[in-house]
Amino acid sequence: MAKNLLIVESPAKAKTIEGYLGPDFLVKSSYGHIRDLVKGDDAIDIENAFSQKYEVPSEKKAVVEELKRLAKKAEIIWLATDEDREGEAISWHLAEVLKLPDDKIKRIVFHEITKPAILSAIQNPRQIDYDLVRAQQARRVLDRLVGFELSPVLWKKVKPSLSAGRVQSVAVRLIVEREREINAFTAEAQFRVTAVFRVDGKAVLKAELPRRFRQVEEAEEFLASCISAEFKVNSLEVRPAKRSPAAPFTTSTLQQEASRKLGFSVSRTMLVAQKLYESGKITYMRTDSVNLSDTALEGARQEISKAYGDKYHKLRQYKTKSASAQEAHEAIRPTYFGQHTVEGDAAAQRLYELIWKRAIASQMSEAQFEKTSVKIGISTREEELQAEGEVLKFDGFLKVYMESTDEEDENTSEVKGMLPPLNQGQSLELEQMQATERFSRSPARYTEASLVKKLEELGIGRPSTYAPTISTIQKRGYVIKEDRDGKPREYRILTLPTPDKTQSLAKFPEGKIKKETATEITGAEKNKLFPSDVGAVVNDFLMQHFNGIMDYNFTASVEKEFDEIAQGMKEWTRMLEDFYGPFHKNVEETIENAGKATGERELGLDPVSGKRVAVRIGRYGPFVQLGESSEEEKPRYASLRGSQSIETIGLEEALELFKLPKKIGSFEEKEMQVNIGRFGPYIQHDKKFYSIPKDMEPLDIAEEKAIEIILEKRKKDAEKTIKTFEENPDVKVLNGRWGPFIAFGKQNVKIPKGTDPASLSYEDCVKLSEEAKANPKSKPKRKKS
DNA sequence: CAGTGAGCGAGCTTCCGCTTGACTT
């Protein structure tokens, strides 16, 4: 039996470490935290110095029992959890739950999973740092108090089951405020002048006027003044430039880059990364550190020299910028730099490749350029046109990796190419000059990944919680991730043309400026985060009553206090008292005094009936109310649709909603009706529902069109049907998305492997259905009734 | 896959951070 039991947080880590240590060591994992505050409201005794009641959750019982058993037999228990606040607390919980006496405990830490690092850690054990543990308890207690006092206020004042918390509420705030900025934004038009010159008879040199024109007349005047102008190179400047690689990935930068380059959601990224980690391909994927271990630096150096040559290597040590970083792990990197690709599904391969490239590139030399700026004089004007070119002299890290950006600014997205050979004073022949109307752009909506970036900048949340936070705010219905169509927008283009390419512009007959309008699509969004009305109402409520918690600096300021506790400079109960006193008073006052938050907005009067029209949120979401509630008459209600919001909807648009449901004639002697449901517009006919294609306006659908849609759907259903039964029309064998299955009334029944769906009899279906009923899918739902 | 939206009251919801399964449609 091993004399030593070493406990880490992650089982994958445990497996690796076991290989480094001899048979005297048994290495096990705690699977993260083993205890948490009890579920209900009595977890924290506020009167009694915030003393906490912990319990081992049921899914952790087996782990704890096993560790208990092993700890009993071991002489020394090495607590090797992560070197941060949470890790220290896990060690303390282990000591408590496993009832480990102080003289059997040795607390050790290491930042990289290598044999020398672990052996050296074992040479330098310490005891549990209780100040750090208290800092964690303060963090845990504060989060529970905030979450479990604030959420019930929302249940009373907005609607049940909502939630609020130190992290999620600020995440929602960012999205709500950004949406309002976008709504308040008015695009300003400016004319941007570009010119193309011919050099040696070829149209090659593109230049731009640095200044923009607000008025179309100014732009026109500028172009007109260029008609008979001569152009020449006023100055030519060549200077070297270089670009350095980005640091290796942290959780947040990996999520951002995987979103931009691979289109992964943050949760998908984490799922795939977890698999790569478990199979030993990459280091730990939940980290805020950009640091690489010495062995990693050496591994990267060797690989770069081997694959690209020594001159491509440059040793770089990165420093983590974020003040909130706890740096218990390395940056995310491949375990072995020699392995350029991995097996597995496409997602794993692509994510690995991204991680490998980024980590390798981070140890490579700069890319070197030669930048040329040209200023072109116009004989008739003071202004100069500018052209810029770039030549790559040495690719350096660009050989493997190029970081992408969120902003695809039209001014920078044009790849700067090489310029033709030019001399100072050289005359240039104008091919074409254009003034194009361009519009200023509103701030960008958040994607999941750009929200993570922002949260990290604010020091809010941790690598392990970015993905869960984003799914929480969506699950609560505060935020919706979706695509939205853009709107067409016209813009003007003024062109100075040369009708005949051989003819110079000066000779162009009347020098007429061609004016055109073109159309572009603006405001189209893909996978962006939009606030819901509930999100906005909850946000405004919290902003009004709990300003302190909603402050972007709240986390940063409590973190500072947690640090002071960790350093033994501050009493943790004192910190909590100072926070909780005023906070709790505020909660009570708000419950007492605040009215219901509905976000109600009056839109005006219905021109037809003269009744009041108002929007607000209710139990079932945002809706319009037409008329007041009174003895004689009830108001009419209509739910808002799709992307409509109580904040932006207008009177006319709101009244449109009362045109539905609408009867549109009959078919097969049954009435048809159009309406809009949870999944979009549909036609209802004979108790059945037929969804209306996305590109059709439900209000425009007439009898004929509706019948067409019904028949279409019936045809499609018939194609999907493999078999029906005379015994019971509710039972069918259908071809589904995942293959054939039995539709048994409302119940879907799987067909066992190896069974030919076409050969099933009605009796078989009944039998299979009953079997399925007898073995219901056990959902891993935590609960007790 | 509709509609509903008053008010009562029982019993429920809820936080953040650390980990990995066992679930399938």
Side-chain angles (χ1 to χ4, degrees), chain A residues 8-14 29-37 39-41 43-44 57 59-60 62-63 81-82 84-90 93 136 139-156 159-169 271 274-275 277-278 284 286 326 328 460-466 468-469 472 476 549 555 598 616-625 629 634-639 660-661 673-684 687-692 736-739 741 748 750 777-781 783 785:
Chain A
V8 293
E9 291 180 35
S10 146
K13 227 187 213 181
S29 154
S30 75
Y31 292 80
H33 272 295
I34 54 157
R35 284 206 298 191
D36 193 15
L37 293 173
K39 290 256 153 32
D41 285 335
I44 299 158
E59 65 270 22
K60 286 287 167 65
V63 178
T81 53
D82 295 347
D84 58 18
R85 208 160 59 201
E86 299 297 326
E88 203 68 20
I90 292 173
H93 280 301
Q136 192 275 344
R139 198 280 303 157
R140 182 68 191 90
V141 168
L142 180 122
D143 281 336
R144 169 59 70 87
L145 291 173
V146 169
F148 275 40
E149 295 217 4
L150 235 39
S151 300
V153 179
L154 297 180
W155 305 342
K156 287 190 185 75
K159 67 175 194 173
S161 302
L162 295 176
S163 65
R166 173 176 58 83
V167 173
Q168 59 168 286
S169 297
L271 215 69
Q274 174 90 26
K275 276 199 196 125
Y277 167 66
E278 281 169 14
Y284 198 56
R286 291 187 274 264
Q326 305 198 2
I460 298 170
R462 304 279 315 130
S464 68
T465 59
Y466 295 138
T469 299
T472 298
R476 297 275 174 273
I549 308 280
T555 290
T598 63
R616 64 188 159 98
I617 60 164
R619 270 194 295 166
Y620 314 108
F623 69 100
V624 203
Q625 180 174 343
S629 196
K634 273 191 167 178
R636 290 184 65 198
Y637 302 101
S639 293
L660 288 171
Q673 174 173 307
V674 274
N675 202 357
I676 301 219
R678 206 146 54 93
F679 306 126
Y682 63 92
I683 295 161
Q684 187 178 350
K687 290 179 191 151
K688 290 199 182 73
F689 301 90
Y690 303 86
S691 47
I692 293 171
R737 206 141 74 98
W738 297 282
F741 68 100
N748 286 352
K750 234 166 90 178
K777 305 151 265 178
S778 59
K779 267 250 161 170
K781 264 260 155 94
K783 57 144 276 109
S785 52

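In what follows, chains carry the letters A, B, and so on, assigned in the order in which the sequence lines appear, proteins first and then strands, with residues in each chain numbered from 1.
- Taking CD1 from A:I460 and OG1 from A:T465, the interatomic distance works out to 10.5 Å, rounded to the nearest 0.5 Å.
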How does protein reach along nucleotides 16-21 of chain B, written 5' to 3' as B (base within reach of a heavy atom under 4.0 Å), S (only sugar-phosphate), or - (no contact)? BBBBS-

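- A residue-by-residue look at A:G40 and A:A638 shows that A:A638 has its nearest nucleotide of DNA chain B further toward the 5' end.
- Environment of NZ in A:K275: sparse, with no more than 12 heavy atoms of neighbouring residues, nucleotides or ligands closer than 6.0 Å.
- At the phosphate of B:dC1, neither OP1 nor OP2 sits under 4.0 Å from any side-chain N or O atom of A:N675.
- The CG atom of A:L162 sits 13 Å away from the C1' atom of B:dC12 (whole-angstrom rounding).
- Close to B:dT14, at under 4.0 Å from its OP1 or OP2, lies a side-chain N or O of A:R476.
- Rounded to whole Å, atom P of B:dG11 lies 15 Å from atom CH2 of A:W155.
- Put simply, NZ on A:K39 is 14 Å from C1' on B:dC12, counting in whole angstrom units.
- On a pure distance criterion of 3.5 Å, a polar donor-acceptor pair joins the side chain of A:S639 and the base of B:dG5.
- Taking for each of A:G621 and A:L37 the nucleotide of DNA chain B with the nearest heavy atom, the 5'-most of the two is the partner of A:G621.
- Between the CG atom of A:L271 and the P atom of B:dC23 there is a distance of 17 Å, rounded to whole Å.
- Here the P atom of nucleotide B:dA6 and the NZ atom of A:K159 are 14 Å apart, to the nearest Å.
- Taking CZ of A:R35 as the reference point, atom OG of A:S30 lies at 12.5 Å (rounded to 0.5 Å).
- When A:R139, A:R286, A:R140 are each tested for a salt bridge (Lys or Arg N to Asp or Glu O under 4.0 Å) with A:E86, only one passes: A:R139.
- Residues A:Q684 and A:N675 have side chains not in contact (no heavy-atom distance under 4.5 Å, counting atoms from C-beta outward).
- Residues passing the side chain to side chain contact (heavy atoms under 4.5 Å, CB included) test with A:P11 are A:S29, A:Y31, sequence neighbours excluded.
- Under a 3.5 Å cut-off, the side chain of A:S151 and the backbone N or O of A:A164 do form a donor-acceptor pair.
- When base pairs are accepted only as Watson-Crick or G-U wobble with both N-N or N-O distances under 3.5 Å, DNA chain B takes part in no stem of 3 or more pairs.
- Judged purely by atom type and a 3.5 angstrom limit, A:E9 uses its side chain to pair as donor or acceptor with the backbone of A:D82.
- Taking all atoms of both residues into account, the shortest heavy-atom contact from A:K13 to A:Y277 is N-OH, 3.6 Å.
- Picking from B:dT4, B:dC15, B:dC1 the nucleotide with the shortest atom distance to the side chain of A:F689 gives B:dC1.
- Rounding to the nearest 0.5 Å places CG of A:D36 at 7.5 Å from NE2 of A:H93.
- We find that the ring of A:Y682 and the base of B:dC1 do not stack by the test of centres under 5.5 angstrom and planes tilted less than 30°.
- When the C1' atom of B:dG3 is taken as reference, atom CZ of A:R636 falls 13 Å away, rounded to whole Å.
- A:Y620 has its OH atom 12 Å from the P atom of B:dG3, to the nearest Å.
- Within the nucleic acid shown, A:S163 comes within 4.0 Å of sugar-phosphate atoms alone, with no base atom in reach, counting heavy atoms only.
- Straight-line distance from the CD atom of A:Q625 to the C1' atom of B:dT4: 13 Å, rounded to whole Å.
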